[in-house]
Each structure stands twice: as structure tokens, then as C-alpha cells.
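I have placed the structure first, in the form of C-alpha cells, so that the comments after it can refer back to it.
Fair warning: this is a prediction, and the values are worked out from it, not measured in the lab.
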Amino acid sequence: MASQSRNNKILLDLVQQPGNNQCADCAAPEPDWASYTLGVFVCLNCSGMHRNLSTVSKVKSIRLDYWEDSLVQFMQERGNSVAKAFFEKCLPAFYYRPQEHDCIVLKEQWIRAKYERREFTGENNEFLQTYNFDLFESTLWKKGRDNKQFLKRIFVLSQKDFTLRYFTKEDSKVAKAVISMKDLNAHFQPQKIGHPHGLQISYLEDERTRNLFVYHENGQVIVSFFTAIRATRLAYLLKKHPTLQHSDLIPQITTHCLKEGYMEKTGPTQREPFKKRWFTLCSVNRKLLYCKSPLDAMDLGAVFIGSQDHGYSVSESSGRCMRSGRWHCGITMETPSRQFVFMCEQEQERREWMEAFRKVISQPMTPEDYANEATLRRGK
């Protein structure tokens, strides 16, 4: 006869063990749920996605639900580490493993790929081979450069010449754009794009950042396209840096921005009126980009943020003493070439921007950072 209090205590002890003390799917701490058919401990959010896999996974709360002795024994025999060794046995280096705060489509497709399609167990290599084909094609909806309308476009990734091309029609012979993998980045932006499967692709075009905003109604299609981008990017980086290990290159494949949002900005003399701009800070290339609005195709400019040792610093400033607009939570950034002044609407936003700027400034510069700094200075 199962004792609920005893079995719940066993489960609570199990979930404290290394491997089990983080969600098996997104690494969130202190998971409170478990799949008793897969033998993994998961967080509340991921447990909801497991419910959508009713033929594969069935979940219970480890605190509130009744657990039979046989199910508790199964959890003791399995656990997250054992399940990971089986379900992620052949996980490729380029595949993105979602984290706690990643968007739903990334986590949902990760869970489906692992447990429903079993892409990484080694039983069927068809999925993994697809990502490494010389050509990977996907039809997506892309936002127009100068309007808000999304139109169907054909995207083709090539591992032969490490490019991404897109075509306006299926029978088009000439690509609308040919994008090098050198500076390409892709990350999901569902809130910004206004679609749960929204993906932003950014790259350099004539030393300015060009943004493409795409989506597909099918979550598997858009995540597969994102994964194929990562596979192509890793192949490019391995060719460019043959002596580096996968572990050194994986953080460079695709990156998240460190901070995004509106601030007001003035000109170089600080006598110009403040204008509201959308800013994006990336810690990898140390650039603060600004546009008129979040979905602009091109940036208006960029500020390179070096290290403290090279004359870069950031501090709070009082906006009420300046020719500021409606916002008065000021930030002053000192660089070797000029002083920048930004205004935030709320104090909380200023604190978040200050923290993000200081994180970048505290990082030592790499040889590539020096090259990026010189390029931006030449462009001014």
C-alpha cells in the first residue's frame, strides 16, 4: 500500500540530488513536477508542454499529487542524468539548448525533438543529417523593408559557400540578397515581431546592421530553420578557426542581445534636441545600436563600448540640468572620442541600462574588438 507522505518525501529527496535539482528541459532551479513515464524532473512551465505530449509523457506534482510505489521506484531508477544520457546521446554541438527564460516555441520544440521525435537518441539520424545538408531550404513570412506587410519568401542556407540567400519567388533565378555567415546572427523575438514564432536575423551591410524579421506558423519549421543557421554558422567558424575547440566556438554561433529598449539620445555637441530611439546592446561585439523603432530594417548608427582600461566609463547624470526631452533619468557614457548622453523614462530602466553597460565595460577587449572599434571610428 503506497504511503503518500512517504513517497512524496522520497521524491523531494530525489529532486535535491545533482542533476535532478534543475529542470531536465530548461535548467530552471528546484523543479516541482516530474514525468513518470520518462523519469525526469521538470519545472511548472515545462510540465505544461509535457502535457501536450500525452502519448509520450505524463506528469504529476511531486508535492501535491498521489504517487504509487511503482512510479516512485521508476523515478529512483531514472532521474534527469540517466534520461539525459539516453535522450541527448547524439545531441549535436550546434543545437541550441533552451534556458528558463527562452521563448515558448524554442522550449516546446526542444521537448518534442527530445521525447516525441527522439532526434538525439541515435535511433534515427534523418533529422540531424538534414541540418548539415549542403543546402537547406525553408519558406517563411518576411516583413517588408519599408512597410509592415509580411510576404512569403524562400530562404536557402548553403554550407558550400557559407551564405544565406532569399528569393522573392519560387522560380527566381537571382537572389534578393546573399548574406555571408561571417557576421550573421539569429535570435527569437516573439514580442518585438508580434508573433510567437518570430525570428530576427541580423547581419552587416555596408558596415551597418541590417535586420530581417521572419516567422512561420509551424513551430517545428521555424526552429528547424534556426537550427540549420546554427549548423551553418558553426561550420563556418570551424573553417575560420581550425585550431579552436567546439566549446570555444559555440558561444559565438548565435547570441542574445544583452539589453533592448527605448532611450532618448542627443547629438555630439549636446545642444541638439533629444530624440527617442530604440537601442540594442550586444555584449559579444560590444556595440550599442540605435534605430527609430524596434522593427527598422537598418540601424541609424552604432556606439562601440570598449573596456574601462581603454577610457570607457558610464555614470548617472541629472537630466533636469540638460536640454532633455520628456525623460530625466540620465546616463553619461565617456569614450576616448566623445561623450554620449542618454535619457531613460524610469529609474528602473536606468539601473538596468547602467548594469548592462558596466558588464560590457568590465570585459577585456579582444583583437577582434580592436578591429571593430577602428572600423566604427573610420565610419564616423
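- When ring centroids are compared, Phe225 and His197 stay outside the 6.0 Å threshold.
- Placement of Val284 and Phe226 in two distinct hydrophobic clusters is found when ILVMFWY residues are connected by side-chain heavy-atom separations under 4.5 Å, directly or transitively.
- Once rounded to the nearest 0.5 Å, the distance linking CE of Met75 with CG of Leu71 reads 9.0 Å.
- Residue Glu170 qualifies as open at atom CD: its count of foreign heavy atoms under 6.0 Å is 12 or below.
- Residue His246 qualifies as open at atom NE2: its count of foreign heavy atoms under 6.0 Å is 12 or below.
- Remark: Lys114 NZ to Asp25 CG distance equals 4.0 Å, nearest 0.5 Å.
- Of all non-hydrogen atoms in Pro190 and Cys103, the two that sit nearest each other are CG-CB, 3.8 Å.
- Judged by the 6.0 Å distance and 45° axis criteria, Lys265 is positioned over the aromatic ring of Tyr290.
- In this structure, Thr255 contributes its side chain and Pro251 its backbone to no donor-acceptor pair below 3.5 Å.
- For Lys107 (side chain) and Glu100 (main-chain N/O), a donor-acceptor pair under 3.5 Å exists by modelled atom type.
- Residues Phe87 and Arg118 form a side-chain contact, since some pair of their non-hydrogen atoms from C-beta on lies under 4.5 Å apart.
- Put simply, the side chain of Asn80 gets close to the backbone of Gly19: a donor and an acceptor are under 3.5 Å apart.
- Formation of a donor-acceptor pair under 3.5 Å by the Arg230 side chain with backbone atoms of Phe94 is found in this model.
- Judged by the 6.0 Å and 45° rule, Arg153 forms no cation-pi pair with Phe155.
- When each of Trp353, Trp327, Phe279 is paired with Phe342, the ring-ring contact (aromatic ring centres under 6.0 Å, His included) condition holds for Phe279 and for no other.
- If you take CZ on Arg233 and CG on Leu157, they are separated by 12.0 Å, rounding to the nearest 0.5 Å.
- In this structure, Asp13 contributes its side chain and Ile10 its backbone to no donor-acceptor pair below 3.5 Å.
- If you chain together ILVMFWY residues whose side-chain heavy atoms come under 4.5 Å of each other, Ile193 ends up grouped with Trp141, Phe150, Phe213, Tyr215, Leu295.
- For the pair Lys89 and Glu123, the minimum side-chain heavy-atom distance is 4.5 Å or more.
- Electrostatic pairing of Arg350 and Glu347 counts as a salt bridge here, judged by a charged N lying under 4.0 Å from a carboxylate O.
- In summary, the side chains of Asn8 and Ser5 do not present any donor paired with an acceptor at a separation below 3.5 Å, with no hydrogens or angles considered.
- Environment of CD in Glu30: sparse, with no more than 12 heavy atoms of neighbouring residues, nucleotides or ligands closer than 6.0 Å.
- When each of Glu349, Met354, Gln348 is tested with Arg351 by the rule side-chain contact (heavy atoms from CB on, under 4.5 Å), just one qualifies, namely Gln348.
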Run the numbers on Gln200 and Asn211 for side chain to side chain donor-acceptor pair (under 3.5 Å), then give the verdict.
CA-CA 7 Å; Gln200 178 175 339; Asn211 299 310; 3.3 Å; yes

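- Put simply, Phe162 and Ile201 are part of the same group of oily side chains (I, L, V, M, F, W, Y) that touch within less than 4.5 Å, one to the next.
- Heavy atoms of other residues, nucleotides or ligands lying less than 6.0 angstrom from CD of Glu355 number 12 at most.
- The 12-atom threshold is not exceeded at CD1 of Ile104, counting heavy atoms of other residues, nucleotides or ligands nearer than 6.0 Å.
- For residues 13-59, the pairs satisfying ring pair (Phe, Tyr, Trp, His ring centres under 6.0 Å) are His50-Tyr115, with sequence neighbours left out.
- Asn7 and Asp69 share a donor-acceptor pair across their side chains, judged by distance under 3.5 Å alone.
- Other residues, nucleotides and ligands place no more than 12 heavy atoms under 6.0 Å from the CD atom of Gln308.
- Side-chain contact check for Val42 versus Ser35: every heavy-atom pair is 4.5 Å or farther apart.
- For the atom pair CE of Met365 and CD of Glu373, the computed distance is 4.5 Å after rounding to the nearest 0.5 Å.
- Two rings, from Trp110 and Tyr95, have their centers less than 6.0 Å apart.
- Val105 places none of its side-chain heavy atoms less than 4.5 Å from the side chain of Pro196.
- Met343 is not connected to Leu289 by any chain of hydrophobic side-chain contacts under 4.5 Å among Ile, Leu, Val, Met, Phe, Trp and Tyr, and they are in different clusters.
- Panel note: side chain Arg286, backbone Gln363; a donor-acceptor pair is recorded below 3.5 Å.
- The backbone N or O of Ser313 lies less than 3.5 Å from no partner atom in the side chain of Arg358, so there is not a single donor-acceptor pair.
- In this structure, the side chain of Lys58 engages the main chain of Ser54 through a donor-acceptor pair within 3.5 Å.
- Val156 and Val223 fall into different hydrophobic clusters, where Ile, Leu, Val, Met, Phe, Trp and Tyr residues are linked whenever their side-chain heavy atoms come under 4.5 Å apart, directly or through other members.
- Closest approach of Pro98 and Leu106 over heavy atoms only: CG-O, 3.5 Å.
- Side-chain contact check for His195 versus Glu217: some heavy-atom pair is nearer than 4.5 Å.
- A donor atom on one side chain and an acceptor atom on the other are found under 3.5 Å apart for Thr163 and Arg165.
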Verdict with supporting geometry, Tyr96 and His187, ring pair (Phe, Tyr, Trp, His ring centres under 6.0 Å)
CA-CA 11 Å; Tyr96 181 73; His187 62 293; over 10 Å; no

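- Using a distance-only test at 3.5 Å, with no hydrogens or angles considered, a donor-acceptor pair links the side chain of Lys143 to the main chain of Asn147.
- With Asp309 contributing its side chain and Pro364 its backbone, the two residues share no donor-acceptor pair below 3.5 Å.
- A pairwise comparison of heavy atoms in Leu151 and Gln149 identifies CD2-NE2, 3.5 Å as the closest pair.
- Ion pairing of Arg97 with Asp102 is absent here, as no side-chain N (NZ or NE/NH1/NH2) approaches a carboxylate O to less than 4.0 Å.
- The structure places NE2 of His256 at 10.0 Å from CZ of Phe188, a figure rounded to the nearest 0.5 Å.
- Nearest heavy atom pair, residue Cys43 against residue Cys26, reads SG-SG, 3.7 Å.
- Between Leu281 and Ile305 the shortest side-chain heavy-atom distance falls below 4.5 Å.
- More than 12 non-hydrogen atoms from other residues, nucleotides or ligands lie less than 6.0 angstrom from CD of Gln76.
- In plain terms, the two heavy atoms of Asp296 and Cys291 that are nearest each other are OD2-CB, 3.5 Å.
- Neither Ile179 nor Leu135 shares a network with the other; the hydrophobic side chains, linked directly or stepwise wherever heavy atoms of I, L, V, M, F, W or Y lie under 4.5 Å apart, form separate groups for each.
- Taking the side chain as every heavy atom from C-beta outward, Glu260 and Thr280 approach each other to under 4.5 Å.
- Counting heavy atoms from C-beta outward, Arg277 and Lys292 have side chains that approach closer than 4.5 Å.
- Atom CZ of residue Phe167 and atom NZ of residue Lys176 lie 12.5 Å apart, to the nearest 0.5 angstrom.
- For the residue pair Leu38 and Arg78, the shortest heavy atom distance occurs at O-NH2, 3.7 Å.
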Run Tyr166 and Leu212 through side chain to side chain contact (heavy atoms under 4.5 Å, CB included) and show every step you take.
CA-CA 11 Å; Tyr166 75 87; Leu212 306 180; 4.1 Å; yes

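- Other residues, nucleotides and ligands contribute only 12 or fewer heavy atoms inside 6.0 Å of the CD atom of Gln191.
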